[in-house]
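Working notes, structure below.
Note that the structure is predicted; figures quoted are calculated from it, not measured. Just so it is clear: chains get the letters A, B, ... in the order the sequence lines come, proteins before strands, and each one is counted from 1. Only heavy atoms go into these numbers, but all of them, side chains included; no hydrogens, no water, no symmetry mates.
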Protein chains: 2
Amino acid sequence: MRQAAVANEITELVRTAGLRPTRQRLSLAGLLFSGGGRHITAEQLHAESLGEGFSVSLATVYNTLHQFTTAGLLRELVVDSGRSYFDTNVSRHHHLFFEDSGELRDVSDNSVVIGDLPALPEGASISRIDIIIRVKNGGSSG
Amino acid sequence: MRQAAVANEITELVRTAGLRPTRQRLSLAGLLFSGGGRHITAEQLHAESLGEGFSVSLATVYNTLHQFTTAGLLRELVVDSGRSYFDTNVSRHHHLFFEDSGELRDVSDNSVVIGDLPALPEGASISRIDIIIRVKNGGSSG
DNA sequence: GAATAAATTTAGAACGATTCTAATAAAACT
DNA sequence: AGTTTTATTAGAATCGTTCTAAATTTATTC
Ligand SMILES: [Mn+2]
Ligand SMILES: [Mn+2]
Ligand SMILES: [Zn+2]
Ligand SMILES: [Zn+2]
């Protein structure tokens, strides 16, 4: 009954995003949203899915990640040119990026104060502020 | 005499970086460092160089940008996954990124205050803090 | 619960940015 | 000048990502 309840929540999540609850989307959503917050790349998620026995094509992983992002379930992070990370935590927060391992860790929004910014051009507006604290030489423990 | 003086400064800059002042490196350094601060991609610099009549291969543009970055003359920015920008301003500062046009504009370091960060693991240290203010719907004027 | 319509998945091709390779050319040194 | 070292280059290769068009699945209609 526990497992069924979780499955229903996931199904509901996908439905609410306006997407059909296909086997692939449910598997991926399960991997993404069943634990705590995650920061993951498309290739990582693909490998993890296959590892768990959920066969999905890489194209579908990309499609799904983008659909979830558009639906507001994920946020796309730019920390490394040439690789996109997706964050299951869509609330306002920032990141520690461990350059050696590629690991990302959340940083509370409270840790940062943005002072006076330059005036924006007519009609322009801030869509997001990304703060990335790049850390070198640190492992993933601690 | 003016032009010669500038050429000498550029030659000196390249030499100081520990690099031979080849025709290609001098042309590229001229384009990069003769005006004010610049934010530019490899392909943009390549096109600009050819446009000015300085023929260079794209491979050399990449090589040179990386060498200049290693030498501390440039800083590599990650604002767009799938494209690297290089910044001729290597002092501590942040960026406004106009998502529509791809333009980058500097933001003074004073505009931002970072509060208490989470403790870093043993031996880890901050290599850099990148702040990107993403702006949508704004032109490049004003 | 077939038939139909609409959306999804997929393998593989295509893409764009970047890096690599191995051959040529230029620069520095003797 | 001759020799050694370093740099440049064209083109191939790589990598992450997107596209294509066909096959499958899901939802809707009878
Ligand atoms: Mn994208
Ligand atoms: Mn690089
Ligand atoms: Zn996060
Ligand atoms: Zn800058």
Side-chain angles (χ1 to χ4, degrees), chain A residues 7 10-31 39-50 53-71 73-74 76-86 102 104, chain B residues 7 10-32 39-50 52-71 73-74 76-86 102 104:
Chain A
I10 298 275
T11 301
E12 204 44 44
L13 190 76
V14 171
R15 275 234 169 76
T16 302
L19 299 166
R20 290 180 177 180
T22 63
R23 196 205 81 225
Q24 289 84 343
R25 293 207 270 236
L26 293 177
S27 300
L28 295 174
L31 294 174
H39 303 97
I40 197 169
T41 68
E43 309 246 3
Q44 283 169 359
L45 181 59
H46 183 231
E48 186 172 318
S49 184
L50 298 190
F54 308 136
S55 108
V56 202
S57 72
L58 185 55
T60 294
V61 172
Y62 275 104
N63 289 341
T64 302
L65 287 172
H66 285 141
Q67 289 154 358
F68 285 0
T69 300
T70 299
L73 299 179
L74 292 174
E76 192 170 354
L77 300 178
V78 179
V79 288
D80 181 8
S81 81
R83 192 181 316 271
S84 274
Y85 282 77
F86 292 85
L104 281 163
Chain B
I10 297 275
T11 301
E12 204 44 42
L13 189 76
V14 171
R15 276 231 170 76
T16 303
L19 299 167
R20 291 181 176 179
T22 63
R23 196 204 82 226
Q24 289 84 342
R25 293 208 270 236
L26 293 177
S27 299
L28 294 174
L31 294 174
L32 288 167
H39 303 98
I40 196 169
T41 68
E43 307 246 4
Q44 283 169 359
L45 181 59
H46 184 232
E48 186 171 319
S49 184
L50 298 190
E52 299 281 325
F54 308 136
S55 108
V56 202
S57 73
L58 185 55
T60 295
V61 173
Y62 275 103
N63 289 341
T64 302
L65 286 172
H66 285 141
Q67 289 154 357
F68 285 1
T69 299
T70 299
L73 299 178
L74 293 175
E76 192 171 355
L77 299 178
V78 179
V79 288
D80 181 7
S81 82
R83 190 181 316 271
S84 274
Y85 283 76
F86 293 85
L104 280 163

- Indicate yes or no for a side-chain donor-acceptor contact from R23(A) to the backbone of S55(A) under 3.5 Å, with no hydrogens or angles considered. yes
- Task: Would you mind reading off the distance between R83(B) atom CZ and dC15(C) atom P, rounded to a whole angstrom?
- Result: 16 Å
- Nearest whole angstrom, please: distance from the P of dA7(D) to the CZ of F68(B). 11 Å
- When you measure from the side chain of A59(A), which nucleotide among dA27(D), dT9(C), dC19(D) comes out closest? dC19(D)
- Is there a donor in the side chain of E76(B) and an acceptor in the side chain of S84(B), or the other way round, less than 3.5 Å apart? yes
- Query: If only side-chain N and O atoms of H66(A) are considered, is one of them under 4.0 Å from the OP1 or OP2 phosphate oxygen of dT18(D)?
  - Reply: yes
- To the nearest angstrom, how far is Q67(A) atom CD from dT18(D) atom P? 12 Å
- Item | Contact under 4.0 Å: Y62(B) side-chain N or O vs dT19(C) OP1/OP2 | no
- Can you find a donor-acceptor N/O pair under 3.5 angstrom joining the side chain of R20(A) to the base of dT8(C)? no
- Message: If I take atom CD in residue E76(A) and atom C1' in nucleotide dT18(D), what distance separates them, rounded to the nearest angstrom?
- Response: 13 Å
- Query: Taking OP1 and OP2 of dT18(C), is either one under 4.0 Å from a side-chain nitrogen or oxygen of S84(B)?
  - Reply: yes
- Message: Between P on dG16(D) and CG on L77(A), what's the gap in Å once rounded to a whole number?
- Response: 18 Å
- Query: Quick one: on DNA chain D, does P21(A) or N63(A) contact a more 5' nucleotide (nearest heavy atom)?
  - Reply: N63(A)
- Query: Roughly, in whole Å, what's the span from CG in D80(A) to P in dC15(D)?
  - Reply: 15 Å
- Under 4.0 Å between a side-chain N/O of T22(B) and OP1 or OP2 of dT8(D), yes or no? yes
- Message: Please check this pair: side chain of Y85(B) against backbone of D80(B), looking for a donor-acceptor N/O pair closer than 3.5 Å.
- Response: no
- Item | Phosphate OP1/OP2 of dT9(D) contacted by T60(B) side-chain N/O (<4.0 Å) | yes
- Task: Round to the nearest Å and state the distance from Q44(A) atom CD to dG16(D) atom P.
- Result: 11 Å
- Message: Would you say Q24(B) places a side-chain N or O within less than 4.0 Å of OP1 or OP2 belonging to dT9(D)?
- Response: yes
- Note on the structure: To the nearest angstrom, the NE2-P distance between H46(A) and dG12(C) comes to 13 Å
- Testing dT18(C), dT10(C), dT9(D) for proximity to the side chain of V56(B), the answer is dT9(D)
- Query: Is R25(B) near enough to dA7(D) that one of its side-chain N or O atoms lies under 4.0 angstrom from OP1 or OP2?
  - Reply: yes
- Task: Could you tell me whether a side-chain N or O of S49(A) sits under 3.5 Å from a main-chain N or O of L45(A), the two making a donor and an acceptor?
- Result: no
- Donor-acceptor contact below 3.5 Å, side chain T60(B) vs main chain V56(B): no
- Identify, between L58(A) and L19(A), the residue whose nearest nucleotide on DNA chain C lies closer to the 5' end. L19(A)
